[in-house]
Amino acid sequence: MPDQPLPRAEVVIDLDAIRHNVALLAARAPGAATMAVVKADGYGHGALPVARAALEAGATWLGSCSLAEALDLRDGGITARVLSWLDVPETDLAPGVAADIDLSASSVRELAAIVDGARRTGRTARVHLKIDTGLSRNGCQPHDWPDLVDSAAKAQAGGHLEVVAVWSHLACADEPGHPANDRQAARFADAYEVAAAAGLHPLRHLANSAATLDRPDLHFDMVRVGIAMYGLNPLPYQENLRPAMTFRSSVALTKRIGAGESVSYGQTWTTGRDTTLALVPVGYADGVSRALSNRMDVFLAGRRRPIVGRVCMDQIVVDCGDDVVAPGEEVVLFGAGSLGEPTATEWADTLGTIDYEIVTGMYRPRVARSYR
């Protein structure tokens, strides 16, 4: 969009990249359905546009964390299967049952809340029973699992719910060869046998993005693709994924300063020569971590250039040396990396975190979002 003025701060989402990634992931699990996980507003990319693109590319399910997220998808016209799996105990689940949302239960208490919602709506709830296989987060403990399965089987016999699936989540799938992956797979198999012995015949889903790419033996009936759908690789080896998010701004003003002058709060950087500085109107209020001060580059006027001085709430300063840059020129803070620009993964590595945190953190009031 070179003929349009650049916004102060913007993330641009490449929906073709989303489609490419979903098609690639679905092709890696040809015998399984594909659930596109669009929780946290599509990992910061926008849940509804991403959901539509994912469904166009071959996904047949969507995943959300909260019921509110799932209902937003329905309100946006999404009719595909949607799974919602985590809410506070006071959440009224009846609207989810009424909207044909699949709900997860990790305890007898949660199952009872779903049954209550089904009774009040006069509809049959669709339930996925979650077993904790070693993540020790959400999911039913193995010693409580027989009671949950028995309660679910009785509720299904009474017509209140349908047990659609048994599922769990892997802790170390992004570390190929980690022994926890096989331990969790074995526990998952044991849990499914308990469900089958109770007369249930649900689907199985265990694989996340990393397991979709690396563990075909764990694809079962459905894979859940999250971070890889957005083009960020969870594995330590190369995959043909295309990052979908670009974070950009523009130059607000430029100035020439002399040798020995310092930049920004605390004067943590001092130039050793005359140089041109470019002021960019984004800062830590817009997702540029203050911990990136003096540790990051941007892509400006055809090349990478360093941020100098501390990142401020509303602005950063770029050292352009003797190059001529002009107000209004595009500044790419991170993108796909195909032009040599920094990536969200590079930011994460510098900060000692993961790229999930970078992209989900870009959903901010002052950061516009557009799609191409």
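Residue numbers run from 1 in the order of the sequence given.
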J.: If you take all heavy atoms of A191 and I131, which pair is closest and at what distance?
T.: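 Shortest heavy-atom separation between A191 and I131 comes out as CB-CG1, 3.7 Å.
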
J.: Nearest 0.5 Å, please: how far is CZ in R52 from CZ in R19?
T.: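 With rounding to 0.5 Å, CZ (R19) is 11.5 Å from CZ (R52).
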
J.: With respect to L55, which candidate in V50, V22, I78 satisfies the side-chain contact (heavy atoms from CB on, under 4.5 Å) definition?
T.: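 That would be I78; it is the only one of V50, V22, I78 passing the side-chain contact (heavy atoms from CB on, under 4.5 Å) with L55.
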
J.: Write down the atom of G258, the atom of D274, and the distance for their closest heavy-atom approach.
T.: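 In this case the closest contact between G258 and D274 is CA-OD1, 3.3 Å.
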
J.: Quick one: do D286 and R364 satisfy salt bridge (charged side-chain N to carboxylate O under 4.0 Å, His left out)? Show the steps, please.
T.: CA-CA 6 Å; D286 309 292; R364 293 169 180 266; over 6 Å; no

J.: Between CZ of R123 and CG of D100, what distance do you get to the nearest 0.5 Å?
T.: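 So the CZ of R123 and the CG of D100 are separated by 5.5 Å.
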
J.: Taking atom types as modelled, find out whether S84 and E69 have a side-chain donor-acceptor pair closer than 3.5 angstrom.
T.: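 No, no side-chain donor-acceptor contact under 3.5 Å.
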
J.: Drop me the distance from T79's OG1 to R74's CZ, to the nearest 0.5 angstrom.
T.: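 T79 atom OG1 to R74 atom CZ measures 7.0 Å (nearest 0.5 Å).
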
J.: Cut-off 3.5 Å, side chains only: do S106 and N138 have a donor facing an acceptor?
T.: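 On atom types as modelled, these side chains qualify, holding a pair under 3.5 Å.
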
J.: Heavy-atom distance under 4.5 Å between the side chains of R120 and D92, does that happen here?
T.: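 The answer is yes; the side chains approach within 4.5 Å.
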
J.: Are any of the side-chain heavy atoms of C140 and S107 separated by less than 4.5 Å?
T.: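 A side-chain contact under 4.5 Å is absent here.
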
J.: Would the distance check show the side chain of E10 and the main-chain N or O of A368 forming a donor-acceptor pair, the cut-off being under 3.5 Å?
T.: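 Looks like no, no N/O pair under 3.5 Å.
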
J.: Side chain of T124, backbone of G159: donor and acceptor closer than 3.5 Å?
T.: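 Pair found, side chain donor or acceptor close to backbone of G159.
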
J.: Identify whether the distance between the nearest side-chain nitrogen and carboxylate oxygen of R215 and D182 falls below 4.0 Å.
T.: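 Salt bridge flag = yes for D182 with R215.
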
J.: Are any non-hydrogen side-chain atoms of V97 and L103 less than 4.5 angstrom apart?
T.: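 In short, these two side chains touch, coming nearer than 4.5 Å.
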
J.: Could you tell me the separation between the SG atom of C172 and the CD atom of Q184, rounded to the nearest 0.5 Å?
T.: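 One gets 7.0 Å once the value is rounded to the nearest 0.5 Å.
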
J.: Nearest 0.5 Å please: distance from the CG atom of L232 over to the CD atom of E239.
T.: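 The CD atom of E239 is 13.0 Å from CG of L232, to the nearest 0.5 Å.
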
J.: Do R310 and Y265 form a cation-pi contact, if we require the NZ or CZ to be under 6.0 Å from the six-membered ring centre and within 45 degrees of the ring's axis?
T.: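 Not satisfied by the 6.0 Å and 45° rule.
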
J.: Do I227 and D355 have side-chain heavy atoms sitting under 4.5 Å apart?
T.: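 Yes, side chains in contact.
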
J.: I'd like to know if the side chain of Q267 reaches the main chain of V263, judged simply by a donor and an acceptor atom lying under 3.5 Å from each other, with no hydrogens or angles considered.
T.: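 A pair under 3.5 Å: no.
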
J.: Testing the basics here: between S168 and T133, what is the closest heavy-atom pair and its distance to 0.1 Å?
T.: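 So the minimum-distance heavy-atom pair works out to OG-OG1, 2.8 Å.
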
J.: Check V359 against H45 and note the closest heavy-atom contact, atom names and distance.
T.: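 Shortest heavy-atom separation between V359 and H45 comes out as CB-CE1, 3.8 Å.
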
J.: State whether the side chain of R204 and the backbone N or O of Y192 hold a donor-acceptor pair below 3.5 Å, judged by distance alone.
T.: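 No, because the side chain of R204 does not come within donor-acceptor range (under 3.5 Å) of the backbone of Y192.
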
J.: Counting C-beta onward and ignoring hydrogens, is there a side-chain heavy-atom pair between I18 and Y230 closer than 4.5 Å?
T.: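 Heavy-atom side-chain distance check passes, below 4.5 Å.
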
J.: Can you tell me how far the CE atom of M222 sits from the CZ atom of R81, to the nearest 0.5 Å?
T.: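 Those atoms lie 10.0 Å apart.
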
J.: Donor-acceptor check, side chain of D314 to backbone of G283, threshold 3.5 angstrom: yes or no?
T.: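 Absent.
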
J.: In terms of heavy-atom contacts, does CD of E357 have more than 12 from other residues, nucleotides or ligands at under 6.0 Å?
T.: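 Check fails, neighbour count at 12 or below.
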
J.: For W61, enumerate each residue passing the ring-ring contact (aromatic ring centres under 6.0 Å, His included) test, keeping only those at least two apart in sequence or located in another chain.
T.: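 H128.
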
J.: Side-chain contact test, heavy atoms from C-beta onward, threshold under 4.5 Å: evaluate it for L24 versus L241 and give yes or no.
T.: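 Yes - at least one pair of side-chain heavy atoms lies under 4.5 Å apart.
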
J.: Would the distance check show the side chain of N208 and the main-chain N or O of A211 forming a donor-acceptor pair, the cut-off being under 3.5 Å?
T.: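 Confirmed, N208 side chain pairs with A211 backbone.
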
J.: Residues in side chain to side chain contact (heavy atoms under 4.5 Å, CB included) with T275, at least two apart?
T.: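 Applying side chain to side chain contact (heavy atoms under 4.5 Å, CB included) to T275 gives I257, T271, R273, L277, D319.
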
J.: Name the residue from R304, R303, R305 that meets the side-chain hydrogen bond (donor to acceptor under 3.5 Å, both in side chains) definition with D297.
T.: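 Considering R304, R303, R305, a side-chain hydrogen bond (donor to acceptor under 3.5 Å, both in side chains) with D297 is found only for R304.
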
J.: Without hydrogens or angle criteria, can the side chains of R256 and T276 be said to hold a donor-acceptor pair below 3.5 Å?
T.: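 The answer is yes; a qualifying pair exists.
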
J.: Any side-chain heavy atom of L235 within less than 4.5 Å of one from D214?
T.: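 Sidechains of D214 and L235: in contact.
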
J.: Can a salt bridge be assigned to the pair D132 and R137 using a cut-off of 4.0 Å between side-chain N and carboxylate O?
T.: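 Between R137 and D132 there is no salt bridge, as every charged N stays at least 4.0 Å from the carboxylate O atoms.
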
J.: Where do S104 and L83 come nearest, in terms of heavy atoms and distance?
T.: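 Closest heavy-atom pair between S104 and L83: N-CD1, 4.2 Å.
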
J.: Under 3.5 Å, is there a donor on one side chain and an acceptor on the other for H169 and R224?
T.: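 Per modelled atom types, H169 and R224 side chains form a pair under 3.5 Å.
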
J.: Which is it for D102 and V127 under the side chain to side chain contact (heavy atoms under 4.5 Å, CB included) test, yes or no, and what are the steps along the way?
T.: CA-CA 6 Å; D102 288 48; V127 177; over 6 Å; no

J.: Just so I know, are the side chains of K39 and W85 near enough to count as touching, which here means a heavy-atom distance under 4.5 Å?
T.: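 Sidechains of W85 and K39: in contact.
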
J.: In terms of ring plane angle, is the pair F220 and F188 parallel, tilted or perpendicular, where the classes change at 30° and 60°?
T.: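 Correct class here is tilted.
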
J.: Just by distance, with hydrogens left out, do Y371 and D14 show a side-chain donor and acceptor under 3.5 Å apart?
T.: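 Result is no, nothing qualifies.
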
J.: If you take all heavy atoms of L93 and I114, which pair is closest and at what distance?
T.: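 Closest approach of L93 to I114, heavy atoms only: CD1-CG1, 3.5 Å.
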
J.: Check for a donor-acceptor pair, side chain of S293 on one end and backbone N or O of V311 on the other, with a separation under 3.5 Å.
T.: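 Confirmed, S293 side chain pairs with V311 backbone.
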
J.: What residues form a ring-ring contact (aromatic ring centres under 6.0 Å, His included) with Y363, not counting sequence neighbours?
T.: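 In terms of ring-ring contact (aromatic ring centres under 6.0 Å, His included), with neighbours along the sequence ignored, Y363 is linked to no residue.
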
